[in-house]
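Down below is the structure, laid out as structure tokens.
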Protein chains: 4
Amino acid sequence: MGGPVDVSGDQLRTIVERIEHVEKEISELTEGKREIYQEAKSNGFDPKVLREIVRLRKQDQKERDEHESLLEVYLRAINGACVSKAA
Amino acid sequence: MGGPVDVSGDQLRTIVERIEHVEKEISELTEGKREIYQEAKSNGFDPKVLREIVRLRKQDQKERDEHESLLEVYLRAINGACVSKAA
Amino acid sequence: MGGPVDVSGDQLRTIVERIEHVEKEISELTEGKREIYQEAKSNGFDPKVLREIVRLRKQDQKERDEHESLLEVYLRAINGACVSKAA
Amino acid sequence: MGGPVDVSGDQLRTIVERIEHVEKEISELTEGKREIYQEAKSNGFDPKVLREIVRLRKQDQKERDEHESLLEVYLRAINGACVSKAA
DNA sequence: ACGCAACGCATCCGCC
DNA sequence: GGCGGATGCGTTGCGT
């Protein structure tokens, strides 16, 4: 224990403040999101269904990405060494 | 300080021990799972591919379930009040 | 089937896109946050401790706010509910 | 194409099923755990406190002390930030 | 040993 | 004000 810790004090403070700043921005955006849902609801849209739609679209995209990488894994497994006894 | 506290004390102890017991069982099973993977690997199976397979099967099942409940949501939305202006 | 449905369809699409947009912004900021932690770590800071600090400071701030508003309530009660800032 | 592949296929299927079985058991135990907490709650125990107790009992005393002192050092560094290179 | 990913936990918000 | 669901955090386990 000694000097280095003290030296880090300023760095530490900067880091923490940067994190806090970005977290503040995130929570503001989250708030904005909530307002969009509220507004939609007041226009007669069911928030639950809206969330479901958003969720599904996100998931579909993700699956597409995964299938791609999965394919890669399988191809490598076939070319490589999936099973030793079947070699 | 008197009886009631002691009664709660016993109950509390029982509860905590039950939880700890089930957690112990879980960690033992987790250990067993790890061993299965190890064994499979020593038999020449690529653990990564195995995990991918397990994961996919789980996901497929999940999706099936979700689609079901999703369908329900949509049907209710149609019968109910998804949009007021389009009514 | 006719106009009203299309109108709702457009509204719906707009809503969904707005939500997706704000979610994209959020995930970008989250990414930025991750990078800050990474950078800090590479400078020798323990991320876990950093997170703990951020968490504690948030909590302290919250308590401070609560305390402040409580104080305000008390002061207003004393003054007879006419002062806004305890001036 | 012939025997060996089929043999591997059977092995593979067996492995996957064994894994899925143990995972099923795990999730059932997890469910049981949840029920214990529910039951405790309905008997007037605060789940949060229960979890804390379990957590504390699990946690190694020594590690806790180390973590605590490290945190303290950091907090002092942030409040202080006084020295530049050697205390 | 590090980084990534999945799981479970704690918190928060909306609903009842 | 309690409850359930959704979101974000933290932890643990896995692969590299």
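Because the structure is a prediction, the values reported are computed rather than measured. All chains are named by letter (A, B, ...) in the order of the sequence lines, taking the proteins before the strands, and each is independently numbered beginning at 1. For the numbers below, each heavy atom of this structure counts, side chains included, while hydrogens, waters and symmetry mates do not.
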Residues touching DNA chain E, which here means a heavy atom under 4.0 Å, drawn from residues 18-25 of chain D |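 Hits under 4.0 Å, by residue number: none.
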side-chain contact (heavy atoms from CB on, under 4.5 Å) partners of Arg51(C), counting only residues at least two apart = Tyr37(C)
Of all residues at least two apart in sequence or in a different chain, which pass the side-chain contact (heavy atoms from CB on, under 4.5 Å) check with Lys41(D)?
->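 Result, side-chain contact (heavy atoms from CB on, under 4.5 Å) vs Lys41(D): Pro47(D).
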Carboxylate-amine/guanidinium contact [X] [Y], below 4.0 Å:
{"X": "Glu39(A)", "Y": "Arg18(C)", "value": "yes"}
{"X": "Glu52(B)", "Y": "Lys48(B)", "value": "no"}
{"X": "Glu20(C)", "Y": "Lys58(A)", "value": "no"}

Residues, nucleotides or ligands: over 12 heavy atoms within 6.0 Å of Tyr74(B) OH | yes
Given atom CD1 of Ile26(A) and atom P of dG8(F), what is their separation to the nearest angstrom?
-> 9 Å
Reading 5' to 3' through nucleotides 10-16 of chain F, protein heavy-atom contacts under 4.0 Å coded B for base, S for sugar-phosphate only, - for none = SS-SSSS
Hey, mind stepping through Glu28(D) and Lys24(D) against side chain to side chain contact (heavy atoms under 4.5 Å, CB included) and telling me if it holds?
-> CA-CA 6 Å; Glu28(D) 282 166 1; Lys24(D) 187 162 178 291; 2.9 Å; yes
Which nucleotide span of DNA chain E, 5' end to 3' end, has atoms closer than 4.0 Å to non-hydrogen atoms of chain A?
->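 Counting from the 5' end, contacts occupy dC13(E) to dC15(E).
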So what does Lys62(C) hit on the nucleic acid, given a heavy-atom distance under 4.0 Å: a base, only sugar-phosphate, or nothing?
-> sugar-phosphate
Base, sugar-phosphate, or nothing for Lys41(C), non-hydrogen atoms under 4.0 angstrom?
->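 Sugar-phosphate contact only - Lys41(C) comes under 4.0 Å of backbone atoms but never of a base.
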Beyond-backbone contact of Asn43(D) with Ile15(B), side-chain heavy atoms, under 4.5 angstrom = no
Does Val73(C) belong to the same Ile/Leu/Val/Met/Phe/Trp/Tyr cluster as Leu71(C), with side-chain heavy atoms less than 4.5 Å apart forming each link?
-> no
Output every pair passing salt bridge (Lys or Arg N to Asp or Glu O under 4.0 Å) with a member in residues 64-75 of chain B, not counting sequence neighbours, ordered by first then second residue.
-> Arg55(A)-Glu66(B)
